[in-house]
Amino acid sequence: MKILSIETSCDDTGVTIMEAKGGLSKPSFTVLTDQLAVQSIHAQYGGVFPMKAKIEHEKNLPILLEKALKEAKLDTKKKPVDLIAVTYGPGLEPCLWTGIVFAQALAKKWGVPIIPTNHMEGHIISAYGKSSGSFTIPKIQFPMLCLLVSGGHTELVLSKSLQKYKIIGKTRDDAAGEAFDKVARMMGVEYPGGPKISKLAQEQRAKNAASPFSFPRPMMYTKDFDFSFSGLKTSVLYAIQKIKKLDNAKKSAIALEFENAVVETLIHKTKKAAEKYKIKTLIVSGGVAANTHLRNEMTKAFEGIAPVIIPSRELTRDNSLMIGIAGYMQYMKKRGKVPNPKNIKATGDLQL
Ligand code: KG4
Ligand code: ZN
């Protein structure tokens, strides 16, 4: 079946069309088109401005859809797809509504069902996706652990069987990506700060130079699997306040120590959870999973413990391809039973 997927939960607008088959036993996908519009207007506000993001989604969606249908060579006069998957949470509600209302209008026009899809399930399953061509979701070895690290979430999710999730740890304050963005802002680095902080840290690491700064590794030795990044962020702020001239060399040194602190904490807790639950698969996904240091260190740390599956960099960030995969699998699980499109509601704090 052909599936159109729509993502508008935060500041990226995505529209993807895939051919999906194989049901839950061997789900496989061919990407016909994958469109993403990255909203750059938020850089000037130092973070995502929900109402501006909503307006951008409203502008982007019809343009992306037109491009997508053209690229996939589909005729809009007939029913071009069989199913629409749309993110209904978690995320910014005004933004989520834009995607939902757009999906509802298309569903009515074409007479197709809508499967409301959880953005976080999308991030998990994105680990098995490819941004072009064809791919099959392999038989996953359970128990599976997933470290979801993004701008809004830092969670450890345990999964003992397909599409069943239990959150076993989460951040008590800031998400890891949010901490990257806030530290960037303190140093006058534009939003989104994660990639830029990571680049600064890499520069310092490449010089083989240790950082003269020392920041805490928060909640490293607590018995739970929770995280906290707010104290670390405050330590960075105090360090910056003591510096007379924050030049590039100082920024790189701070970035290195900050990145090391975040990555060490994430790995420590993930490893503890992996040992306790004897996991057979580890997935690391969400925007922060684009971080090179995290990717390298997590893979090293899990050698001999479990295979580490991390999405390609394009698929770590928000995208609609992952919504298409998760949507198809939910549709199969529910054997095609979907809600009345009118009853689909944006759910900002939707849980897994
Ligand atoms: O998943 P995502 O695109 O959106 C959310 O659902 O939040 O994640 C965006 C977050 C931002 O906080 C961004 O700074 C962070 O991911 N990020 C990174 C890197 N690339 C993106 N953080 C650290 N290192 C990176 N290379
Ligand atoms: Zn996300």
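Note that the structure is a prediction, hence the values are computed from the model and not measured. Atoms within a ligand are numbered from 1 in the order they appear, just like the ligands themselves.
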A.B. asks: Give a yes or no on whether a salt bridge exists between E303 and K300, defined as a side-chain N under 4.0 angstrom from a carboxylate O.
C.D. replies: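 Looking at K300 together with E303, the answer is no, because their closest N to O distance does not fall below 4.0 Å.
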A.B. asks: How does the hydrophobic cluster around M322 look, that is, which other residues are in it when side-chain heavy atoms under 4.5 Å mark a link?
C.D. replies: I323
A.B. asks: Under 4.0 Å, counting heavy atoms only: does H123 come that close to any atom of ligand 1?
C.D. replies: yes
A.B. asks: Answer yes if the ring centres of F135 and Y128 are under 6.0 angstrom apart, and no otherwise.
C.D. replies: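 No; Y128 has its ring centre 6.0 Å or more from that of F135.
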A.B. asks: Show the atoms of ligand 1 that are less than 4.0 angstrom away from any heavy atom in G177.
C.D. replies: 12 (O)
A.B. asks: Provide, to 0.1 Å, the distance between atom 18 (C) of ligand 1 and the closest protein heavy atom, together with that atom's residue and name.
C.D. replies: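 For this ligand atom, the closest protein heavy atom is G194 CA, 3.6 Å.
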A.B. asks: Checking the side chain of T154 only, and the main-chain atoms of A176 only, is there a donor and an acceptor separated by less than 3.5 Å?
C.D. replies: yes
A.B. asks: Is it the case that K269 and T222 place a side-chain donor and acceptor less than 3.5 Å from each other?
C.D. replies: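 Judged by distance alone, the side chains do pair up.
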A.B. asks: Closer than 4.0 angstrom, basic N to acidic O: yes or no for R172 and D224?
C.D. replies: yes
A.B. asks: Just do the salt bridge (charged side-chain N to carboxylate O under 4.0 Å, His left out) check on K182 and D174 with the steps written out, would you?
C.D. replies: CA-CA 10 Å; K182 286 182 177 166; D174 292 349; 3.3 Å; yes
A.B. asks: Is there a heavy atom in C10 that sits closer than 4.0 Å to ligand 1?
C.D. replies: no
A.B. asks: On a heavy-atom basis, I'd like to know which of D181, D11, V288 is closest to atom 12 (O) of ligand 1.
C.D. replies: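 Answer by nearest heavy atom: D181.
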A.B. asks: Which atom names give the shortest non-hydrogen contact between M332 and M1, and what distance separates them?
C.D. replies: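 Reported closest heavy-atom pair: CE-CE, 4.1 Å.
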A.B. asks: Using a cut-off of 2.8 Å, find all protein N, O or S atoms closer to the Zn ion (ligand 2) than that distance.
C.D. replies: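 Protein N, O or S atoms closer than 2.8 Å to the Zn ion (ligand 2): H119 NE2, H123 NE2, D318 OD1.
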A.B. asks: For atom 10 (C) of ligand 1, which protein heavy atom lies nearest, and how many Å away is it?
C.D. replies: G151 N, 3.5 Å
A.B. asks: Which residue and atom name correspond to the protein heavy atom nearest atom 24 (N) of ligand 1, and how close is it?
C.D. replies: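 Here the closest protein heavy atom is N291 ND2, 3.0 Å.
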A.B. asks: Taking atom types as modelled, is there a side-chain donor on T281 or Q141 under 3.5 Å from an acceptor on the other?
C.D. replies: no
A.B. asks: Tell me the protein heavy atom at minimum distance from atom 4 (O) of ligand 1, and give that distance in Å.
C.D. replies: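 The protein heavy atom lying closest is D318 OD2, 3.1 Å.
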A.B. asks: Report yes or no: does H119 have a heavy atom closer than 4.0 Å to ligand 1?
C.D. replies: yes
A.B. asks: List the steps and the verdict of side-chain hydrogen bond (donor to acceptor under 3.5 Å, both in side chains) for E7 and S9.
C.D. replies: CA-CA 6 Å; E7 159 62 38; S9 68; 2.6 Å; yes
A.B. asks: Are any of the N/O atoms on F180, whether in the backbone or the side chain, positioned under 3.5 angstrom from an N/O atom of ligand 1?
C.D. replies: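 No, there is no polar N/O contact under 3.5 Å.
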A.B. asks: Would you check if the distance from the ring center of F258 to the ring center of F180 is below 6.0 Å?
C.D. replies: yes
A.B. asks: Name the closest protein heavy atom to atom 8 (O) of ligand 1, giving the residue it belongs to and the distance to 0.1 Å.
C.D. replies: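 Nearest protein contact, heavy atoms only, for atom 8 (O) of ligand 1 is G287 CA, 3.2 Å.
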